[in-house]
Amino acid sequence: MIDNRLTILNLYELKGTPEDFEIAVSALARRVEAEGHPGVLSYRFFVNASERTARGVIDYKDPDAWIGHHDIAMNWPEMTALHAAATLAEVIFLGALTAEIQAWIESSALTARVRSGNIFAGGFQRLSGRSDE
């Protein structure tokens with residue numbers, strides 16, 4: 001169901017070059033796709049070289065997939081490389097920030113601002129990406 005999905009918008013401040021960030025997230029995305037939690041539905045990153053920032057847009061099947069993804073990937077060298085390339089400054093939850101996620105965050109080393117309260121109000125998702133199918 002789309003109303004139980006969780007979308008995360010991450011804001012990063014670049015520590016190095018935009019290319020350093022691109023290399024780090026490309027490697028991390030490949031590993032998440034191949035070995036990561038199956039509830040990670042999409043994993044997309046964008047860099048803004050002129051502002052020295054980047055964004056991550058991650059879609060999860062549900063809040064449990066968020067926890068599963070982080071339990072699997074946080075100790076990977078690819079995640080360490082991402083943290084070396086950029087500082088996570090803000091995390092926006094579009095969907096429920098559950099008590100389980102809150103407990104996970106509180107037990108972590110996360111220092112980014114966390115914004116939540118954005119509950120699904122309505123919409124749809126085209127699975128094929130094409131409107132004529």
Side-chain angles (χ1 to χ4, degrees):
M1 285 182 119
I2 192 169
D3 61 344
N4 195 37
R5 296 248 172 107
L6 179 61
T7 297
I8 301 298
L9 304 176
N10 286 340
L11 171 63
Y12 299 91
E13 295 170 352
L14 300 183
K15 294 178 180 178
T17 67
E19 293 78 16
D20 293 337
F21 182 82
E22 291 173 17
I23 291 166
V25 295
S26 292
L28 180 58
R30 281 191 302 274
R31 184 145 186 209
V32 169
E33 184 177 23
E35 301 176 38
H37 191 280
V40 177
L41 302 177
S42 68
Y43 207 62
R44 299 173 294 145
F45 295 86
F46 306 84
V47 67
N48 186 323
S50 65
E51 292 184 3
R52 299 199 39 76
T53 61
R55 293 277 182 175
V57 182
I58 302 108
D59 291 304
Y60 297 94
K61 178 182 174 189
D62 54 34
D64 290 340
W66 184 95
I67 293 171
H69 165 65
H70 288 86
D71 284 347
I72 291 170
M74 287 307 292
N75 292 320
W76 286 350
E78 293 87 350
M79 188 68 77
T80 301
L82 172 58
H83 294 152
T87 299
L88 181 59
E90 181 179 74
V91 180
I92 299 174
F93 281 76
L94 301 179
L97 190 161
T98 63
E100 295 82 7
I101 291 175
Q102 186 64 46
W104 194 100
I105 290 171
E106 289 172 4
S107 70
S108 77
L110 182 69
T111 58
R113 285 183 312 273
V114 175
R115 298 182 185 248
S116 63
N118 303 292
I119 303 304
F120 184 75
F124 71 92
Q125 179 179 359
R126 293 192 201 285
L127 298 178
S128 69
R130 291 180 47 189
S131 62
D132 63 341
E133 289 183 2

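Shown here are the side-chain hydrogen bond (donor to acceptor under 3.5 Å, both in side chains) partners of Glu13, two or more places apart in sequence or in another chain: there are none. With sequence neighbours excluded, the residues forming a salt bridge (Lys or Arg N to Asp or Glu O under 4.0 Å) with Asp59 are Arg44, listed by chain and number. Remark: Phe93 engages Trp66 in a ring-ring contact (aromatic ring centres under 6.0 Å, His included) (not counting sequence neighbours). Evaluation of the side chain to side chain contact (heavy atoms under 4.5 Å, CB included) rule for Ala73 yields His69, Trp76, Met79 as partners, not counting sequence neighbours. Judged as a side-chain hydrogen bond (donor to acceptor under 3.5 Å, both in side chains), and not counting sequence neighbours, Asn118 has no contacts. Residues that satisfy the side-chain hydrogen bond (donor to acceptor under 3.5 Å, both in side chains) test with Ser107, not counting sequence neighbours, are absent from this structure. Under the ring-ring contact (aromatic ring centres under 6.0 Å, His included) criterion, His37 pairs with no residue, sequence neighbours left out. For Thr98, the side chain to side chain contact (heavy atoms under 4.5 Å, CB included) partners at least two apart in sequence or on another chain are Pro63, Ala96, Glu100, Ile101. In terms of the side chain to side chain contact (heavy atoms under 4.5 Å, CB included) criterion, residue partners of Asn48 (sequence neighbours excluded) are, by chain and number, Ser50, Glu51, Thr53. The side-chain hydrogen bond (donor to acceptor under 3.5 Å, both in side chains) test applied to Tyr12 returns Asn10, not counting sequence neighbours.
For the atom pair Ser108 OG and His70 NE2, the distance stands at 8.5 Å (nearest 0.5 Å). Atoms CZ and CZ, on Arg5 and Phe120 in that order, are 9.5 Å from each other to the nearest 0.5 Å. How far CG of Leu11 is from OG1 of Thr87: 10.5 Å, rounded to the nearest 0.5 Å. If you take CD1 on Ile23 and OG1 on Thr17, they are separated by 7.0 Å, rounding to the nearest 0.5 Å.
Residue pairs that meet the side-chain hydrogen bond (donor to acceptor under 3.5 Å, both in side chains) test with at least one member in residues 22-32, sequence neighbours left out, are Arg31-Glu35, Arg31-Glu78.
In terms of heavy-atom proximity, Pro18 sits nearest to Ala49 at CG-CB, 3.6 Å. Nearest approach of Val91 to Ala112, heavy atoms of both residues: CG2-CB, 4.3 Å. When all heavy atoms are compared, the tightest approach of Tyr60 to Leu41 is C-CD1, 3.9 Å. Of all heavy-atom pairs between Ser116 and Leu97, the closest is CB-CD1, 3.6 Å. Considering every non-hydrogen atom in both Phe21 and Ala86, the closest pair reads CD1-CB, 3.8 Å.
Within 6.0 Å of the CD atom in Glu33, the count of heavy atoms belonging to other residues, nucleotides or ligands does not exceed 12.
When side chains are defined from C-beta on, Leu14 counts as touching Val47, because their heavy atoms get closer than 4.5 Å.
Under a hydrophobic-cluster definition in which Ile, Leu, Val, Met, Phe, Trp and Tyr are linked whenever side-chain heavy atoms come within less than 4.5 Å, directly or via other members, Val25 and Met74 are assigned to the same cluster.
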*asked:* What verdict does the side chain to side chain contact (heavy atoms under 4.5 Å, CB included) test give for Trp104 and Asp71, after you've listed the backbone C-alpha separation in whole Å, the side-chain angles of each residue and the deciding distance to 0.1 Å?
replied: CA-CA 9 Å; Trp104 194 100; Asp71 284 347; 2.7 Å; yes

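Taking Ile, Leu, Val, Met, Phe, Trp and Tyr as members and joining any whose side-chain heavy atoms lie under 4.5 Å apart, directly or through other members, the hydrophobic cluster of Val57 also contains Leu9, Phe46, Ile92, Leu94.
Remark: the backbone N or O of Gly16 is paired with a side-chain donor or acceptor of Arg52 at under 3.5 angstrom.
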